[in-house]
Amino acid sequence: MLYENKYMKERKKKIMKITLKDGTVKEYESSKSVIDIAKDISEGLARAATSAKIDGEIADLRTEVSEDCGLEILTFDSEDGKGAFNHTASHIMAQAVKRLYPETKLAIGPSIANGFYYDLDRETPFAAEDLEKIEAEMKKIVKENLPLERFTKTREDAIQYFEEKGEPYKVELIEDLPEGEEISFYSQGEFTDLCAGPHLMSTKAVKAFKLTSLAGAYWRGSEKNKMLTRIYGVAYPKKSELDEYLHMMEEARKRDHRKVGRELGLFMMCEEGPGFPFFLPKGMVLKNTLLEYWRELHKKNGYVEISTPIILSRHLWENSGHWDHYKDNMYTTVIDEEDFAVKPMNCPGGMLVYKSEPRSYKDLPLRAGELGLVHRHEKSGQLHGLMRVRCFTQDDAHIFMTPEQIRDEIKGVAKLIDEVYSLFGFKYHVELSTRPEDSMGSDADWEMATEGLRGALDDLGLAYVVNEGDGAFYGPKIDFHLEDSIGRTWQCGTIQLDMQMPQRFDLEYVGADGEKHRPIMIHRVAFGSIERFIGILIEHFAGAFPTWLAPVQVKVLPISDKYMDYANKVLARLDEAGIRAETDTRAEKIGYKIREAQMNKIPYMLVVGAKEEETGVVSVRSRFAGDEGAKGLDEFIASAKEEIEAKTIREVIKEE
């Protein structure tokens with residue numbers, strides 16, 4: 001009996017426990033590969049699996065698990081799982097290239113946020129017409145169902161291997177690795193590539209793909225090196241998913257805010273100011289309408305508005321921590337032999353406003369909003385219309401409060417941001433980002449700040465995901481990622497809790513106990529960058545803004561010059577009512593004028609001719625319902641004003 005108990009204990013020790021993401025524990029008596037564990041859970045899961053996480057670390061499906069651990073099987077539905085899928089697609093593309101153009105030298109081929117690419121060196125650079133041939137060969141490779149096999153070599157053997165294959169870029173990559181490093185390879189059929197993985201089990205799973213574009217790329221991103229050809233592509237497990245993506249991309253091209261902004265006369269970019277947008281008259285109407293809404297909303301929510309200087313002294317930025325953490329992105333100048341910086345952020349100026357007078361606990365929370373113009377030195381290759389600029393208006397607010405007020409203030413900000421996004425018809429999801437490696441402050445401060453944000457989200461019942469280590473250097477943050485009308489996501493709103501900057505600037509308030517205390521501070525934006533938000537709105541609405549936001553809300557269209565006097569009377573009444581309107585005075589046919597107004601996304605067109613003048617009405621055509629018939633001018637003005645004041649998004653009525 002004693003022997004049996006001892007035997008059972010020994011046997012029990014050898015059992016390996018695998019804890020799955022849902023908390024389920026699987027037990028095995030010997031080591032198993034990740035793919036075999038996936039098969040044991042479900043054959044369907046094994047077919048869909050692309051990679052895994054073992055105790056939070058990305059792993060290949062071939063990895064042998066030999067001890068207790070946490071295991072998450074990843075599929076294409078997760079970002080990490082998608083990465084392994086796209087990485088395999090890049091290898092399939094490289095294999096197809098080597099079959100068709102064996103003289104090509106391979107550089108690197110990673111997965112990226114939306115697909116994959118491979119950098120290639122060929123004496124005759126690749127052209128757009130080559131992509132179709134490469135795609136056809138890729139289809140053959142997928143059909144061949146080639147298993148991907150992983151193996152390793154010593155550093156010396158790996159260098160020799162690629163030297164014999166005539167792959168100088170691979171040799172250079174390996175030579176940069178430390179002595180004694182074991183080098184990982186993946187092979188599929190006759191093709192072998194240097195790669196850390198992870199990869200799919202076979203080429204068969206990459207059922208749908210498209211090579212989307214070509215670009216030049218310097219080897220290792222240096223202009224001193226050779227220019228290579230970069231081929232981009234996207235890949236999906238199902239053709240329907242690829243078709244959906246390509247449709248979205250086509251929609252995105254049609255909606256591109258740079259194209260639509262130019263057509264509608266909203267803004268322009270000039271060589272004389274790269275990354276510095278110029279707003280045109282109609283664009284200024286749009287921008288100012290947004291800012292008026294911002295001011296109304298913030299006044300309603302108990303904010304005061306401030307304005308701080310664009311240029312401030314170096315010692316301020318050193319005190320705030322920006323000089324150490326953000327200097328490379330700041331524009332600097334010298335005034336009276338002292339260093340100054342153009343502000344990349346508004347917060348240090350907000351600190352000085354708080355310090356300008358004594359504060360009591362009765363003054364808190366103090367919600368100070370600022371539409372501050374900031375400048376950041378972005379690399380020229382990263383500039384993109386209004387989405388990535390060097391100069392923009394940030395709709396900042398800094399809220400100073402007592403520790404007891406943290407949760408309520410965060411909830412108030414979250415509700416305000418929800419009100420903004422709901423107004424424009426955006427869905428959104430929330431992410432909580434925690435302490436990064438490069439941060440300042442004590443563990444206790446960070447824990448208190450993080451739990452304050454987490455607690456507020458829990459109180460509101462908002463679902464969120466946690467981004468470990470992605471907070472700001474001075475505190476954790478909540479990010480709001482909105483989804484536009486074609487399914488793309490954009491990070492705009494953010495709430496950042498900060499206990500470091502009040503300390504650095506020695507901010508104080510007198511508490512109920514008569515003693516001095518340090519306030520807690522929230523940094524937050526709702527729009528983020530006004531310019532970027534305008535770019536998002538242009539693409540979300542494809543330039544067809546809701547009536548309240550449209551630069552021109554009504555176009556008066558006289559049938560001929562004979563009715564210009566009546567058209568001007570209509571225009572005057574609209575102006576008097578505060579409705580933004582224009583008259584088309586050109587000597588064109590009415591059909592042409594209507595088409596032009598439609599092209600310019602005008603919400604309402606008022607056609608006026610003999611019948612309208614005689615009866616004192618207007619014939620209403622709208623972007624939403626087409627011909628809405630004759631209406632009295634007072635009736636039209638009343639309904640239009642109601643729509644504008646309510647900030648209604650009127651849906652387009654589609655014909656059956």
Is there a donor-acceptor contact under 3.5 Å from the side chain of Asp395 to the main chain of Ala526? yes

So, Arg255 and Glu539, do they make that salt bridge, N to O below 4.0 Å? no

Using 0.5 Å steps for rounding, measure from the CG atom of Leu537 to the CZ atom of Phe527. 8.0 Å

Rounded to the nearest 0.5 Å, what separation is found between the CZ atom of Arg262 and the CE atom of Met269? 12.0 Å

Test: Glu251 and Lys254 ion pair at under 4.0 Å: yes

Decide, yes or no, whether a salt bridge links Asp506 with Lys516 under the criterion of side-chain N to carboxylate O below 4.0 Å. no

Lys287/Glu531 ion pair, N-O < 4.0 Å: yes

Please determine whether a side-chain nitrogen of the Lys or Arg among Lys647 and Glu296 lies less than 4.0 Å from a carboxylate oxygen of the Asp or Glu. yes

Pairing of Asp443 and Arg435 as salt bridge, 4.0 angstrom limit: yes

Hydrogens and angles aside, do Glu515 and His517 bring a side-chain donor and acceptor to less than 3.5 Å of each other? no

Salt bridge check, Lys411 against Asp408: does any charged N sit closer than 4.0 Å to a carboxylate O? yes

Between Glu263 and Lys259 (salt bridge meaning N to carboxylate O under 4.0 Å), is one present in this structure? yes

Spacing of NE2 belonging to His377 relative to NZ belonging to Lys327, to within rounding of 0.5 Å: 13.5 Å

Assess, by modelled atom type and distance only, whether the side chains of Asn114 and Tyr232 contain a donor and an acceptor separated by less than 3.5 Å. no

Is it true that Asp80 and Lys82 have a side-chain N and a carboxylate O under 4.0 angstrom from each other? no

Is it the case that the side chains of Glu338 and Ser313 hold a donor-acceptor pair, with the cut-off being a distance below 3.5 Å and no angle test? no

Less than 4.0 angstrom from a charged side-chain N to a carboxylate O is my criterion; do Arg390 and Glu378 meet it? no

Test item: side-chain donor near acceptor, Glu468 and Thr434, under 3.5 Å: yes

For Arg314 and Thr332: C-alpha separation, side-chain torsions, deciding distance, then whether side chain to side chain donor-acceptor pair (under 3.5 Å) applies. CA-CA 9 Å; Arg314 170 177 172 167; Thr332 59; over 6 Å; no

Please report the interatomic distance NE2(His481) to CZ(Arg488), rounded to the nearest 0.5 Å. 16.0 Å

Do Asp119 and Tyr169 pair up side chain to side chain, a donor and an acceptor below 3.5 Å, judged on atom types alone? no

Does atom NZ of Lys282 have more than 12 heavy-atom neighbours from other groups under 6.0 Å away? no

Using the rule given for side chain to side chain contact (heavy atoms under 4.5 Å, CB included), can you reason through Ile399 versus Tyr303, listing the C-alpha separation, both sets of side-chain angles and the distance that settles it, and then say yes or no? CA-CA 9 Å; Ile399 303 174; Tyr303 287 76; 3.6 Å; yes

Should the ring pair Phe267 and Phe279 be called parallel, tilted or perpendicular, given that the plane angle runs from 0 to 90° and is split at 30 and 60? tilted

Decide whether a cation-pi geometry holds between Lys226 and Trp219; the criteria are a distance under 6.0 Å from NZ or CZ to the six-membered ring centre and an angle within 45° of the ring axis. no

Look at the aromatic rings of Phe426 and His540 and report parallel, tilted or perpendicular, splitting at 30° and 60°. tilted

Could you tell me whether Glu305 and Lys299 make a salt bridge, using a distance below 4.0 angstrom between a side-chain N and a carboxylate O? no

Output the distance between atom NZ (Lys300) and atom CG (Leu416), rounded to the nearest 0.5 Å. 8.0 Å

To the nearest 0.5 Å, tell me how far Glu72 CD sits from Ser78 OG. 6.5 Å

Hey, does the Lys NZ or Arg CZ of Arg359 hover above the aromatic six-ring of Tyr354, less than 6.0 Å from the centre and inside 45° of the axis? yes

